[in-house]
Number of protein chains: 2
Amino acid sequence: MARSTTPPKATAAAVPQRLLAEATRLFAERGYDRTSVQEIVEAAGVTKGALYHYFGSKDDLLHEIYGRVLRLQMQRLEAIAGKEATPVAERLVEAAADVVVTSIGNLDDTKIFFRSMHQLSPEKQKAVRADRRRYHEKFRALVEEGQREGVFRQEVRPDLVVDFFFGAVHHLGTWYREDGPLSAGQVAADFADMLLHSVRQP
Amino acid sequence: MARSTTPPKATAAAVPQRLLAEATRLFAERGYDRTSVQEIVEAAGVTKGALYHYFGSKDDLLHEIYGRVLRLQMQRLEAIAGKEATPVAERLVEAAADVVVTSIGNLDDTKIFFRSMHQLSPEKQKAVRADRRRYHEKFRALVEEGQREGVFRQEVRPDLVVDFFFGAVHHLGTWYREDGPLSAGQVAADFADMLLHSVRQP
DNA sequence: CGGACAGCATACCGACCGGTATGTGACTCA
DNA sequence: TGAGTCACATACCGGTCGGTATGCTGTCCG
């Protein structure tokens, strides 16, 4: 790995990246349990020896996917929530629309994320839950900030707002079709609009 | 089956009901693919012979669960949506709150419902999707009715409202805990409230 | 130039898993 | 009373799966 940055005459991408990409595709399509490691390595054009050279187990692949999603979303949320010059209602709308667009843009990841938590080993599951919790708390903080400022209604429970909205986001993986009539931006705008109306002072 | 309506000295309930109950519990806990028929029959106190006497296959059990959920929810929605004397906004709120309470009341069913669609055979999957579609259409009709009457905002897409809300409902199976601080009624009231505020004229 | 090691490929294993074929006792009915 | 059938139990099967042990080859370093 250290002698040449990227093999010049490789098939397409480096082997571990190819394995992860094909695993993502297959996990999203057939589900984790119904995808065999044999199918993954065949799709990537290698053998099991290669997979177990780079990954310790099948659910290491899954854990990688979860880590990728959480890192990306956490980073984007932090960037948006941190704009202290922007009114909180605008930041909430922007964060909501952004997570919808990003979830649709990586629809395979979204499908996997909300369906395959239980297939992780207990320790990895715990780690993922902790990260997701931190993410939700950051999102919830926006709602609480809006309530303190008086722009959002006091009677809604911030944690329920978050669970409500992210239920809808996770569900995207179930019904959204890339070739459907709605663009990611349209869905994002409507979802963010509904979220805003559900919390702001009438 | 015809000679005695219910065996008086049976273990607890009739065998097929017990099988379905244990299967539901196990599917919700470990997932469909990670529950073996051996585990199901052991939990029910019988053997595989009994299971395959009453059910054609493992995914017949799953299909039964889906049918049970859809029949129940469709029936309840029809009862609520049909109250023509009640204003549409009230009917929407009542239907929304009811599906939340019912989903929490049958939390195992809810967990299974939103996770295990892909484990059904293609034909059964098609049938379930068709039923769920009819259910969503009935719910969507309430939104459209409110828009025609002018009590709901025109700019929200009714189908997106439905996908938004039922995403949150399905997600209940992931985060709601029976022993948590929130009662089913509290969640139902808040969810219904958020739904109403997200669609009604300001 | 010769080990050492990374980067795979090959071959193989034991543990299930869903499903089936067959047996068997209790009960019904003619 | 005996033939038939329902309601299961028992035993078994072929196939698949995640994982591993081992072999091979090219490259880099000393």
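Residue numbering restarts at 1 for every chain, and letters A, B, ... go by the order of the sequence lines.
Between the CG atom of A:Leu62 and the C1' atom of D:dG18 there is a distance of 15 Å, rounded to whole Å. For the pair A:Leu51 CG and D:dG19 P, the computed distance is 9 Å after rounding to whole Å. If you measure from atom CD of A:Glu42 to atom C1' of D:dC17, you get 13 Å, rounded to the nearest angstrom. One atom, CZ of A:Phe55, and another, C1' of C:dC8, lie 14 Å apart when rounded to the nearest Å. Distance A:Asp60 CG to D:dG19 C1': 13 Å, rounded to the nearest Å. Rounded to a whole Å, the CG atom of A:Leu61 is 13 Å from the C1' atom of D:dG19.
Taking side-chain N and O atoms only, B:His53 has no distance below 4.0 Å to OP1 or OP2 of D:dC8.
A:Leu19 and A:Ile40 get closest at one heavy-atom pair: O-CG2, 3.9 Å.
B:Glu144 has no carboxylate O lying under 4.0 Å from a charged side-chain N of B:Arg148, or vice versa, which leaves the two without a salt bridge.
Between B:Met117 and B:Gln125, some side-chain heavy-atom pair lies under the 4.5 Å cut-off. Side chains of B:Phe113 and B:Ile65 form no contact here, defined as non-hydrogen atoms less than 4.5 Å apart. Looking at heavy atoms from C-beta onward, A:Lys124 lies in side-chain contact with A:Ser57 at the 4.5 angstrom threshold.
Pairs of residues two or more places apart, or lying in two chains, that qualify as salt bridge (Lys or Arg N to Asp or Glu O under 4.0 Å) and include a residue from residues 102-119 of chain B are B:Arg68-B:Asp109. Within the structure, every pair that satisfies the side chain to side chain donor-acceptor pair (under 3.5 Å) test and touches residues 84-97 of chain A, not counting sequence neighbours, is listed here: A:Lys83-A:Glu94, A:Arg91-A:Glu145.
Each end of the helix from C:dC1-D:dG30 to C:dA30-D:dT1 yields a helix axis from five base pairs, and these two axes differ in direction by 0° (to the nearest 10 degrees).
No side-chain donor from either of A:Asp59 and A:His63 sits under 3.5 Å from a side-chain acceptor of the other.
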List, with names and distances, any nitrogen or oxygen atoms from the protein found under 3.5 Å away from nitrogen or oxygen atoms belonging to nucleotides 22-24 of chain D.
none

Discussion item. Walk along nucleotides 9-22 of chain C from 5' to 3' and tag each nucleotide B, S or - by protein heavy-atom contact under 4.0 Å, base first, then sugar-phosphate.
Written reply: BB------SBBB--
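Ring orientation note: the planes of B:Phe114 and A:Phe114 are tilted relative to one another, at an angle of 30° to 60°.
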Fill in: Test salt bridge (Lys or Arg N to Asp or Glu O under 4.0 Å) applied to B:Glu22 and B:Arg18, step by step
CA-CA 6 Å; B:Glu22 295 301 326; B:Arg18 254 160 52 210; over 6 Å; no
N/O donor-acceptor pairs under 3.5 Å from side chains in residues 45-55 of chain B, not counting sequence neighbours:
none

